[in-house]
Amino acid sequence: MKRDSQTGAVPVMVPVPAEAPYTYAVPAGMTVEPGSIVRVPLGPRLVAGIVWDGDGGAVDAKKLRPIDHVFDCPPVPEPMRRFIDWVATYTLSAPGMVARMILRAPEAFDPEPWIEGLKRTDAEPGRLTEARARVLELAGDGLAWTRSGLAHAAGVSSSVIDGLKAQGVLAAEMIPPRPVVAPPDPTYGGGRLSPEQADGAAELCRTVAEDRFSVTLIDGVTGSGKTEVYFEAVAAALAQGRQVLILLPEIALTQAFLERFQDRFGAKPAEWHSDLPPRMRERVWRQVAEGQTRVVAGARSALYLPFPKLGLIVVDEEHDPAFKQEDRVFYSARDMAVVRAHIGGFPAILASATPSVESRVNADQGRYRRIALPSRFADAALPDIRAVDLRRAPPARGGFLSPVLVEQVRRTVERGEQALLFLNRRGYAPLTLCRVCGHRFQCPSCSAWLVEHRFRGQLLCHHCGHHEPRPEACPECGTFDHLAACGPGIERIAEEVVGHFPEARTIVLSSDMLGGVKRLRLELDAIAKGEADIVIGTQLVAKGHNFPNMTLVGVVDADLGLANGDPRAAERTFQLLSQVTGRAGRTGKKSLGLLQTFQPDHPVMRALVSGDAAAFYEREIAERERSGLPPFGRLAGIVVSAETRAEADGHARGLRRAAPPAHDISVLGPAEAPLALIAGRHRFRLLVHGERRSDMQGFLRTLLANGPKPRGSIRVQVDIDPQSFL
DNA sequence: AGCACGCCGACT
DNA sequence: GTCGGCGTGCTC
């Protein structure tokens, strides 16, 4: 429905934390409709907003200000507006703050300018040089070329082009902006699927053909070719003329994925992530909004692109914690992808070698369909996994590598193959203390231990980023040279490895590596080409890279992360270590995974060693049911952040006064925080459990209106899968 | 979220 | 005497 000056006023969602859209006057002669992107005055500034649905509501006529401008831009589609409303309600955040996420490419609201192209005319050049001849041969196709494109293709400098233009041999003609990516061709590649893969692909294609909401979990071991299987569903959706969104965790590093996509579809997908240059960002946004870009591979924020004809969402590595956004609006992109599919009435696909417990449960209970791919593709064999009991085979004094592991590294390197040593801890040592007075180096702002980074000569807080130079003397007692590094980080493991294997080519990889993402990509390429013998890395090596010659993976401290009080600790560790050991043996060579552990009988270690994931999941599910945690129909509650224990206790008192008796309020320190989702800067949290979502929302509203005002923020912990609320 | 206004400390 | 810290409050 179009609205103009007859209607007078429309609701506009503006990017402020207001509960509802604001109302603006539509000036005479202006036409807007729900979804129109407009520029409106807001206080002293002009902001972009989205015309919302319904009427303007009862706002003082004298408060109304007129819409300043309507952008020449496709309106935000209806399903997208419903999605924003839904996410806002679900996360209890202001709808304007959710809407803000789709307005993050401000330059894209105006059409992309046409560019000047050059076209061959009938005129002949005065003198036909060799360079000119090459240009004219290309331009003879009758199509308009860009100046630089033509010069590049003909292998001449652009002055040759300018000369021809001056003589009227080439004439300027405006051409539409180039697409950011070539259109994908659903029939380009493919066809090299195993029977198991082909069955899975056929099933997925059927869900796409149904053209209605469904969720399918692809549960396939690492190396089973899940990607190629869901590519067939992508092809099916493309053939229907729909757009496709593929969500990936940390896409900036997944170059390999883009190449696999290109092998199947003959062109790369458009990328969407925070490292995208602003210009590119705008072009992608615009071309998605116009329906021109057919496939986007993106990080979680790609959910907020204004797709007009979205027909499929794939969430790859669906278990990955990177899908959880924890600033401003708190949400899990995996869950919101399911919601988006539900609102749009199309299928969603979740893929993982190690699905999250909640997705497993959803599949078990029939809310999700399930496709299992239990075997590796082609000649790749799963590595043989063994636990190394550190009580029986302890490392040498001062070291962290068991003789068993050192020996396997030696054999691997001697065979000319690669070994990966995995430790999920950056830096040299996680704790530094003074051997004379016992002083421990602590972060002044968040009281976590400071991690020594020997290479940089600094002590770093991994929590807040605080850093200070590593002192020579103890700041407490002043003693020189008696500071002791406690425990291992990858820098220290690297030191130990160099001690054992001085001749081997060793690479250390972690997210804080100097040179950033670019350098990391180069190093990963170098490893894949065999330019290293031993790789020592943190969890970033677990993600999606293929190292064809990697036949040994040693996990230095497999127990790390099991005892941090997080009820997902076992699940997370299982997922991470499965991914890490899955790096080995991808080309069919016999390969080995060694888990150094003090708890070889721990369910995680047993599951990894036996390969019996099903038993592990069953146990985890039973464990969760016992403790009443999601995903079992119980809302996790409200989180109030506080800096100190006293402050947290004060808030708890206030909450108990305000809360109905059915709510169970507890104050939690970081160690007992019941869900990993709430790892944040604040040290204490109040958790309020309630049985019903509506109760919790009502309670929160009351609390916000007249409860205690915490200095920090009030957040809602919503970690339960949204399907039960759809 | 921005951006104003507003009221108390160290400086051209 | 002013520049500037961030606390409170408002934006259709």
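This structure is a prediction, so every number in the text was calculated from the model and none was measured. Computed from heavy atoms alone, side chains included, the values below leave out hydrogens, waters and symmetry copies. Proteins come first, then strands; the chains are lettered A, B, ... in the order of their sequence lines, and each starts at number 1.
Between the CE atom of M13(A) and the P atom of dA1(B) there is a distance of 17 Å, rounded to whole Å. As rounded to whole Å, 5 Å separates atom C1' of dT11(C) from atom CG of L42(A). Computed from coordinates, the R45(A) CZ to dG2(B) P distance equals 6 Å when rounded to whole Å. Rounded to an integer number of Å, the gap from L64(A) CG to dC12(C) P is 10 Å. The CG-P distance, from L46(A) to dT11(C), rounds to 17 Å in whole Å. The CZ-P distance, from R39(A) to dT11(C), rounds to 22 Å in whole Å. Across the protein-nucleic acid pair, M97(A) atom CE and dG2(B) atom C1' stand 9 Å apart, rounded to whole Å.
Counting heavy atoms from C-beta outward, V87(A) and V339(A) have side chains that stay 4.5 Å or more apart. In this structure, S301(A) and H273(A) have side chains that are not in contact, with every pair of non-hydrogen atoms separated by 4.5 Å or more.
The residues R286(A) and E290(A) are annotated as salt-bridged, a charged nitrogen and a carboxylate oxygen being separated by less than 4.0 angstrom. Under a 4.0 Å N-O distance rule, the pair R82(A)/D53(A) qualifies as a salt bridge.
Ring geometry for F83(A) against Y304(A) counts as tilted: the plane angle lies between 30° and 60°, on a 0 to 90° scale.
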Under 3.5 Å, which N/O atoms of the protein pair with N/O atoms of nucleotides 4-9 of chain C?
none

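Residue contacts shown for P17(A) include a base, since a base heavy atom lies under 4.0 Å away.
In this structure, the nucleotide among dC3(B), dA1(B), dC12(C) sitting nearest to the side chain of R100(A) is dA1(B). Ranking dA1(B), dC3(B), dC12(C) by closeness to the V16(A) side chain, first place goes to dA1(B).
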Step-by-step side-chain contact (heavy atoms from CB on, under 4.5 Å) determination, V38(A) to Y24(A): CA-CA 10 Å; V38(A) 293; Y24(A) 284 86; over 6 Å; no
